[in-house]
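First comes the structure, then the notes that go with it.
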Amino acid sequence: MNDIPASQDKAAPRYDFRAAEPRWQAAWDERACFAVPDVPPAEAKKYYVLEMFPYPSGKIHMGHVRNYTLGDVVARYKRARGHLVMHPMGWDAFGLPAENAARERGTHPAKWTYANIANMREELKRMGLSLEWAREFATCDPEYYGQQQKLLLDFWKAGLVERKESWVNWDPVDGTVLANEQVIDGRGWRSGALVEKKKLSQWFLAITKFAPDLLEALGGLDRWPERVKLMQSNWIGRSEGARLKFALTAPVDGMADVEVFTTRPDTLFGMSFLAVAAEHPIAAAAAARDSKAADFVAECRSMGTSEAVIEQAEKKGFDTGFRVKHPFTGQEYPVWIANFVLMEYGTGAIFGCPAHDQRDLDFARKYGLSVTPVVLPKGADPATFAVGNEAFTDDGTAFNSGFLDGLDVAASKRRAIAELESLGAGQGVVNWRLRDWGVSRQRYWGCPIPFIHCDDCGVQPVPDDQLPVRLPDDVDFSKPGNPLDNHPTWKHVACPNCGKPARRETDTCDTFVDSSWYFARFCSPRAAVPVTKAAVDAWLPVDQYIGGIEHAILHLLYSRFFSRAMKETGHLSVEEPFAGLFTQGMVQHESYKGADGRWLYPEEVEFSLAADGTRSAVVKGGNEPVTIGRVEAMSKSKRNTVDPGAIIAKYGADTARWFILSDNPPDRDMEWTESGVAGAYRFTQRVFRMVENALPSLPPAGTTPEAEGRALRRATHRCIATVTEALETFAFNVAVARLYEFANAIEAAKDAPGGAKREALEMLARLAAPMMPHLAEEAWSMLRPGDGSLVAQMAWPEADPALLVAESVTLAVQVLGKLRATIEVPVGAGEEAIFAAAEAEENVQRAIAGKPIRKRIHVPGRVVNIVV
RNA sequence: GCCCGCCUGGCGGAAUGGUAGACGCAGCGGACUUAAAAUCCGCAAUCUGCAAGGAUGUGCCGGUUCGAGUCCGGCGGCGGGCACCA
């Protein structure tokens with residue numbers, strides 16, 4: 001199937017989506033179907049549906065189509081269920097790509113961004129989403145980021161904003177801070193220079209103050225996916241352990257000891273070394289004394305700041321020559337610098353027990369350090385137990401461990417901590433993996449952080465009446481470094497406290513800050529304060545939030561922090577921003593490569609099918625062979641993208657929506673296929689034709705369905721029940737399948753009386769409406785001409801329970817768990833009668849083969865199992 | 001490397017521990033047509049058998065159960081995240 005024939009076969013009715021879709025979109029607009037007040041009436045059942053807002057890259061992609069279709073189904077369904085539904089849309093508009101565009105094409109980030117927004121808004125409007133566009137904003141609007149600055153100042157007053165030093169990726173050639181994605185194999189993406197770690201003084205939000213609450217409150221999020229909660233829980237990373245000090249045998253630069261954190265104080269007797277991070281003061285001291293140590297520290301520094309890179313790097317170390325004393329035995333151990341010890345976690349120093357930690361073991365084997373097992377697996381012989389290349393990390397019994405011998409791991413930990421405490425060498429502590437949130441970015445296209453640096457008065461907040469701190473329009477991207485810092489005048493400002501010349505903060509916010517409270521701003525998007533209390537109290541929390549699984553940790557955790565911080569500063573009453581969360585899978589497509597290995601767009605490729613079923617492909621209009629590659633996430637670099645704009649223009653929004661919902665469960669990755677879209681298109685035409693063809697034979701609207709139409713009516717009401725259940729559980733692909741079945745059933749019921757048929761067709765339109773809203777309106781308007789009602793404003797249909805009860809059921813009959821027959825029995829048949837019927841089956845007799853029956857199992861409505 | 005998922009026909013998938021493969025896509029056969037498209041009817045997990053039927057089958061290995069796609073343990077493959085991409 002290639003193109004949709006526009007005008008063939010005049011005799012067959014054809015649904016003209018090109019005319020119908022804009023017409024129904026206009027009808028919804030005119031009646032303001034999707035508008036809600038900032039403060040809903042007290043009796044209203046509010047429901048806030050939100051999809052993660054898009055980054056305005058220029059065009060919508062299939063991931064957006066999927067995300068917003070899913071949200072729209074929920075919004076339309078909940079509206080029909082009588083809720084007052086808020087469903088807004090906006091733009092996550094700050095970020096790196098706008099600056100890249102400015103550098104590459106000389107377009108100003110604002111101009112580029114707003115042009116992209118204008119284009120994407122039109123594309124989204126063509127999807128027929130039930131959005132309330134009056135609430136739209138972009139995070140780069142000064143009205144938005146100005147309110148964000150107010151929030152930051154409130155957070156600052158509440159002690160939630162701090163300045164600390166932290167490490168960044170530094171490109172020494174470009175003189176810029178690099179994002180992790182801009183570091184490729186340890187080098188800057190533009191300059192190719194080896195990246196260094198550099199320490200900068202930066203702004204932080206004190207998310208760690210909420211760590212215990214962020215963890216505990218996960219338990220109350222009963223409409224969040226378990227895996228997301230688990231990932232957040234692991235990220236926050238509460239662990240119980242001990243902090244303890246190892247005394248240096250001789251002081252180093254005034255340091256008398258090295259403090260480590262461990263979750264395994266029970267393995268202290270198995271220690272073989274102590275290791276510190278390359279950023280640790282001990283490492284600095286070693287580097288100052290020994291050029292080889294300095295080289296090693298420099299090597300670690302060139303690894304960048306990404307944890308993934310650090311942990312995957314080959315484990316390397318350097319023996320500083322310093323030595324520490326064991327707190328229990330007084331024995332001495334070497335102090336190493338190790339590239340796998342993270343300065344940000346614990347104290348930046350560990351003690352190594354190779355027998356019971358895999359990384360320590362790898363390290364010890366590499367450098368020939370001792371490996372002493374101190375936890376004995378159950379049933380192992382202490383005389384012969386040895387650790388090979390696999391550390392033993394399970395529970396067991398302490399041995400080789402002095403006063404800990406004989407204890408299990410948990411008891412041994414407690415005993416070791418007690419001993420450390422009584423010696424004054426350490427104490428039991430709770431440690432968190434979660435770090436404070438560094439929000440400083442040395443970039444132009446972000447929300448300016450509203451502080452002023454004065455040499456006399458220190459850091460001063462920008463006074464409220466000087467907000468928003470606007471980005472300057474005239475910026476120069478040709479010089480290296482932060483354009484705000486380079487700007488000739490922008491940063492020069494009088495100190496608000498003493499009036500002397502001072503400097504504006506030139507760091508801007510991490511864009512995650514922008515997206516951490518937009519859900520609240522939507523409730524009163526034009527307010528002259530960050531949020532109006534009445535609006536957020538009425539609408540929050542978001543009842544259903546929908547977005548990609550890639551945001552499972554950072555964005556969602558930051559938003560949860562923000563709502564807590566906004567509560568503490570009096571802006572919100574809720575702690576949790578999102579009561580319900582649904583995470584969708586990615587949209588994927590086959591990828592294609594030409595003979596020379598270049599990536600090809602799907603529309604450049606022509607396919608053919610061989611007799612044996614193998615597909616092959618050539619470049620369109622020629623015979624250059626094409627390699628059909630893997631199905632993988634759509635990406636520009638692999639050119640395996642499909643432009644939703646083109647699909648909607650060709651097939652219509654309903655087709656695109658229907659296909660994207662039908663293909664697979666929404667939380668799984670889906671594959672976009674052209675043939676699947678064509679199938680969805682055929683179904684839209686089929687529904688239209690069914691209604692069109694039936695119209696002459698239908699009785700007037702409101703006719704009571706006839707008793708003799710019972711079979712079709714049962715199908716109708718079963719469809720209402722099953723589609724409703726599927727929509728409630730996000731099983732949209734199942735809802736689609738039920739509607740296909742129902743359409744098949746209607747067509748099969750050719751002889752059904754008119755009233756039953758009318759009911760069936762009306763329900764088909766109404767049940768499909770959340771998924772293909774335009775066609776539903778079109779069909780409804782044909783079935784109810786002159787009625788003037790919109791499906792978008794109608795209540796959801798209710799199934800008649802009397803039509804749902806079955807009269808008989810089919811039971812599977814198994815012998816020894818293997819299916820041998822099926823029997824049809826009346827509902828409520830007695831168990832003895834059922835067994836008799838089952839055993840009467842010829843096939844069942846053959847399987848029993850005269851053996852004595854040991855047991856009969858009957859699961860009503862399901863199965864009979866005969867055990868012989 | 002660490003954390004978290006996923007894996008069912010040619011393909012996407014369905015299936016409260018109870019008839020595996022609903023529904024769709026692709027395919028095949030037929031009707032209609034001068035022909036094609038569109039549409040309609042039918043077939044279809046694999047192997048075996050004329051058929052009735054039988055055997056096998058939900059990534060792999062093992063376990064629990066009358067019964068496992070589903071629960072448990074181990075392994076493999078693929079994907080998401082790892083704090084400056086959004």
In whole angstroms, how far is the [atom2] atom of [N] from the [atom1] atom of [X]?
X       : N      : atom1 : atom2 : answer
R738(A) : G13(B) : CZ    : C1'   : 12 Å
D436(A) : A83(B) : CG    : P     : 16 Å
I866(A) : U19(B) : CD1   : P     : 16 Å
I553(A) : G79(B) : CD1   : C1'   : 15 Å
L557(A) : C3(B)  : CG    : P     : 19 Å
N733(A) : C11(B) : CG    : C1'   : 15 Å
M303(A) : C82(B) : CE    : P     : 18 Å
L96(A)  : A86(B) : CG    : C1'   : 9 Å

When you check the phosphate oxygens OP1 and OP2 of [N], does a side-chain N or O of [X] lie under 4.0 Å from one of them?
X       : N      : value
R443(A) : C85(B) : no
R682(A) : C25(B) : yes
N744(A) : G24(B) : yes
N843(A) : G54(B) : yes
R441(A) : C84(B) : yes
R820(A) : U19(B) : no
N865(A) : G67(B) : no
T511(A) : A86(B) : yes
K818(A) : U56(B) : yes

Determine the interatomic distance between [atom1] on [N] and the same-named atom on [M]; round to the nearest Å.
N      : M      : atom1 : answer
C7(B)  : A14(B) : C1'   : 16 Å
U56(B) : C41(B) : C1'   : 33 Å
G73(B) : U19(B) : C1'   : 29 Å

Base, sugar-phosphate, or nothing for [X], non-hydrogen atoms under 4.0 angstrom?
X       : value
V168(A) : base
W437(A) : nothing
K315(A) : nothing
T810(A) : base
A552(A) : nothing
P225(A) : nothing
F683(A) : nothing
H551(A) : base
L434(A) : base

Let's see if you can work this out: which of [options] has an atom nearest to the side-chain heavy atoms of [X]?
X       : options                : value
E550(A) : C4(B), A83(B), G81(B)  : G81(B)
N234(A) : C4(B), A14(B), A22(B)  : C4(B)
R862(A) : A83(B), U16(B), U39(B) : U16(B)
N180(A) : C23(B), C85(B), G18(B) : C85(B)
V867(A) : C82(B), C66(B), G79(B) : C66(B)
W235(A) : C82(B), C23(B), G18(B) : C82(B)
L819(A) : A86(B), A20(B), C85(B) : A20(B)
T822(A) : U19(B), G13(B), G5(B)  : U19(B)
Q442(A) : C84(B), A83(B), C2(B)  : C84(B)

> Any donor-acceptor pair under 3.5 Å linking the side chain of R441(A) with the backbone of T508(A)?
Replying inline: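 The answer is no, because no donor-acceptor pair under 3.5 Å joins these two groups.
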Which nucleotide, in any strand shown, forms a Watson-Crick or G-U wobble pair with [N], with both distances under 3.5 Å?
N      : value
C84(B) : none
U19(B) : none
U46(B) : A55(B)
U39(B) : A31(B)

>> Can you see whether R846(A) engages N843(A) through a side-chain donor-acceptor pair at a distance of less than 3.5 angstrom?
In response: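 R846(A) vs N843(A): donor-acceptor pair found between side chains.
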>> Just by distance, no angles: are the side chains of T176(A) and D171(A) close enough, under 3.5 Å, to form a donor-acceptor pair?
In response: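 Judged by distance alone, the side chains do not pair up.
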>> Any salt bridge linking R689(A) with E692(A)? Criterion: basic side-chain nitrogen under 4.0 Å from a carboxylate oxygen.
In response: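 So R689(A) does not pair with E692(A) through a salt bridge.
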> Is the closest basic N to carboxylate O distance between E344(A) and K197(A) below 4.0 Å?
Replying inline: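 Looking at E344(A) and K197(A), the cut-off is not met.
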>> Could you tell me if R856(A) sits above the aromatic ring of F835(A), with its cationic atom closer than 6.0 Å to the ring centre and no more than 45 degrees from the axis?
In response: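 Because its charged atom sits under 6.0 Å from the ring centre and within 45° of the axis, R856(A) does stack over F835(A).
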>> Under the side-chain hydrogen bond (donor to acceptor under 3.5 Å, both in side chains) test against Q202(A), which residue among Q442(A), E165(A), K164(A) passes?
In response: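 Going through Q442(A), E165(A), K164(A) one by one, the side-chain hydrogen bond (donor to acceptor under 3.5 Å, both in side chains) with Q202(A) is satisfied by Q442(A) alone.
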> For the residue pair L178(A) and G188(A), what are the closest heavy atoms and their distance?
Replying inline: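 Scanning both residues, the minimum pair turns out to be CD1-CA, 3.6 Å.
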